There are 2 protein chains.
Amino acid sequence: MSRYLEARRETLPPAVTDLAEQLAEAGYKVTGPRLAVLKAATALRGAFSVHELEQWLIARGESPGIASIFRTVRLLSDLNLLQRIHGLDDCHRYSLGKGHGHHLVCTGCGAMERFEDCGVQSLIQQLEQRTGYRISAHLVELFGLCPRCLAASAA
Amino acid sequence: MSRYLEARRETLPPAVTDLAEQLAEAGYKVTGPRLAVLKAATALRGAFSVHELEQWLIARGESPGIASIFRTVRLLSDLNLLQRIHGLDDCHRYSLGKGHGHHLVCTGCGAMERFEDCGVQSLIQQLEQRTGYRISAHLVELFGLCPRCLAASAA
DNA sequence: TTCATAGTTGAGAGATAATATCAATAAAAT
DNA sequence: ATTTTATTGATATTATCTCTCAACTATGAA
Ligand SMILES: [Mn+2]
Ligand SMILES: [Mn+2]
Ligand SMILES: [Zn+2]
Ligand SMILES: [Zn+2]
């Protein structure tokens, strides 16, 4: 295990140390800037943008250079620990989460539910037959209001 | 009908005059730059980027300023005559087409099939029950190889 | 606990995408 | 044909993201 990570394990949320361990296992160093980004991503929950990560970090006076924030996001994405969320307009949001998945995003507050099974298999088969395409990937994202925002808007 | 459009109706593809008429009906002027963009979008078919529109137009020596290309794309989008396509990486491609729809895009050549019914209704109901969200919009895009690219890759 | 090394960082430059400004222009209504 | 008003395009500007490279630091080995 990483010496650097051991030294601060006590001060970090478990979700952060989990992710940091996966970085170490993949052969990457566990550094201050990387831990900072992991803390921000964990704290923000939901669907966050790089800009929001940066703001969260700046507010706490522990922001790495913007280049390193982008680099860490890219790294997490390459390791499949972070998924990109395509919004209706907004295209560059992310959420922590392993592997293939989909998102139900609140357009009011950014809250988010992740789900694995999107049920497009039969659609895919049907379209392959009709069009002759061989389909190898799909994107399914849903948008709406979370219970809280729904309640707030009813008031 | 637009005087400007009448004067060049003969020289334009029907698909272009159709779209131009819809601009006029919505109260917008039918101008040279706008017709040029419509010609490019119609000619490119499939899923095109703003950059590809510009290249097509430059190659024919009739490119409006880049600002006007963006403006026309935005206008068509606002009028719901153009849909934005979210790719896996590539986020800003467009396709002509009215109203809500989905796309099956060839990752080899950019060819595209549009389809209306994506069959996520039952998924939506299921998730609304489980999460308490009220879902109001969805994104469904499929990717793969078109028959031609499939044949080419089999060689 | 050092030490050497290879991976990482950050400031700043640079690339790319898109928007804002505004005087000049051109389509449309008259 | 003239007037009116939307539109255009050159240019500047902003936003997003990547690159470069000297300085730094986490890690494995000693
Ligand atoms: Mn799926
Ligand atoms: Mn997108
Ligand atoms: Zn909400
Ligand atoms: Zn193809």
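Keep in mind it's a predicted model, so treat the numbers as computed, not measured. In the text below, chain A, chain B and the rest are named by the order of the sequence lines, each starting its count at 1.
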Handout entry: Distance-only polar pair, side chains of Arg74(B) and Ser77(B), donor-acceptor under 3.5 Å
Key = no
Exercise for the section: Please check if any side-chain donor atom of Ser49(A) sits under 3.5 Å from a side-chain acceptor atom of His92(A), or the reverse. Expected result: no
For atom [atom1] of [X] and atom [atom2] of [N], their distance in whole Å:
{"X": "Asp78(A)", "N": "dG7(C)", "atom1": "CG", "atom2": "P", "result": "16 Å"}
{"X": "Leu57(B)", "N": "dT8(D)", "atom1": "CG", "atom2": "C1'", "result": "15 Å"}
{"X": "Asp90(A)", "N": "dA15(D)", "atom1": "CG", "atom2": "P", "result": "15 Å"}
{"X": "Leu35(A)", "N": "dT8(C)", "atom1": "CG", "atom2": "P", "result": "13 Å"}
{"X": "Ile69(B)", "N": "dA10(D)", "atom1": "CD1", "atom2": "P", "result": "11 Å"}
{"X": "Arg34(B)", "N": "dT25(C)", "atom1": "CZ", "atom2": "P", "result": "19 Å"}
{"X": "Glu6(B)", "N": "dA29(C)", "atom1": "CD", "atom2": "P", "result": "13 Å"}

Exercise for the section: Measure the shortest side-chain to side-chain distance between Val50(B) and Phe70(B) over non-hydrogen atoms and say whether it is less than 4.5 angstrom. Expected result: yes
Problem - Test item: Glu141(B) and Leu104(B) side chains (from C-beta on) under 4.5 Å apart, heavy atoms - result: no
Problem - Partner of Leu5(B) under side-chain contact (heavy atoms from CB on, under 4.5 Å), chosen from Leu23(B), Thr31(B), Val30(B) - result: Val30(B)
Completion exercise
Closest heavy-atom pair, Gly87(A) versus His86(B), reported as atoms and distance to 0.1 Å, is O-CE1, 2.8 Å
Problem - Arg45(A) to Phe48(A), cation-pi by 6.0 Å centre distance and 45° axis angle - result: no
Exercise for the section: State whether Arg114(A) and Glu116(A) are salt-bridged, where the test is any N-O pair (Lys NZ or Arg NE/NH1/NH2 against Asp/Glu carboxylate O) under 4.0 Å. Expected result: yes
Exercise for the section: On the 0 to 90° scale, with breaks at 30° and 60°, tag the His100(A)-His138(A) ring pair as parallel, tilted or perpendicular. Expected result: perpendicular
Handout entry: CD/Glu6(B): more than 12 non-hydrogen atoms of other groups inside 6.0 Å
Key = yes
Problem - CZ (Arg60(B)) with more than 12 external heavy atoms under 6.0 Å - result: yes
Exercise for the section: Estimate the overall bend of the helix from dT1(C)-dA30(D) to dT30(C)-dA1(D) from the end axes over five pairs each, rounded to 10 degrees. Expected result: 40°
Completion exercise
The contact string for nucleotides 17-30 of chain D, one letter per nucleotide 5' to 3', using protein heavy atoms under 4.0 Å with B, S and - for base, sugar-phosphate only and none, comes out as SBBB-----BBBB-
Handout entry: Interface residues of residues 36-47 of chain A with DNA chain D (non-hydrogen, below 4.0 angstrom)
Key = none
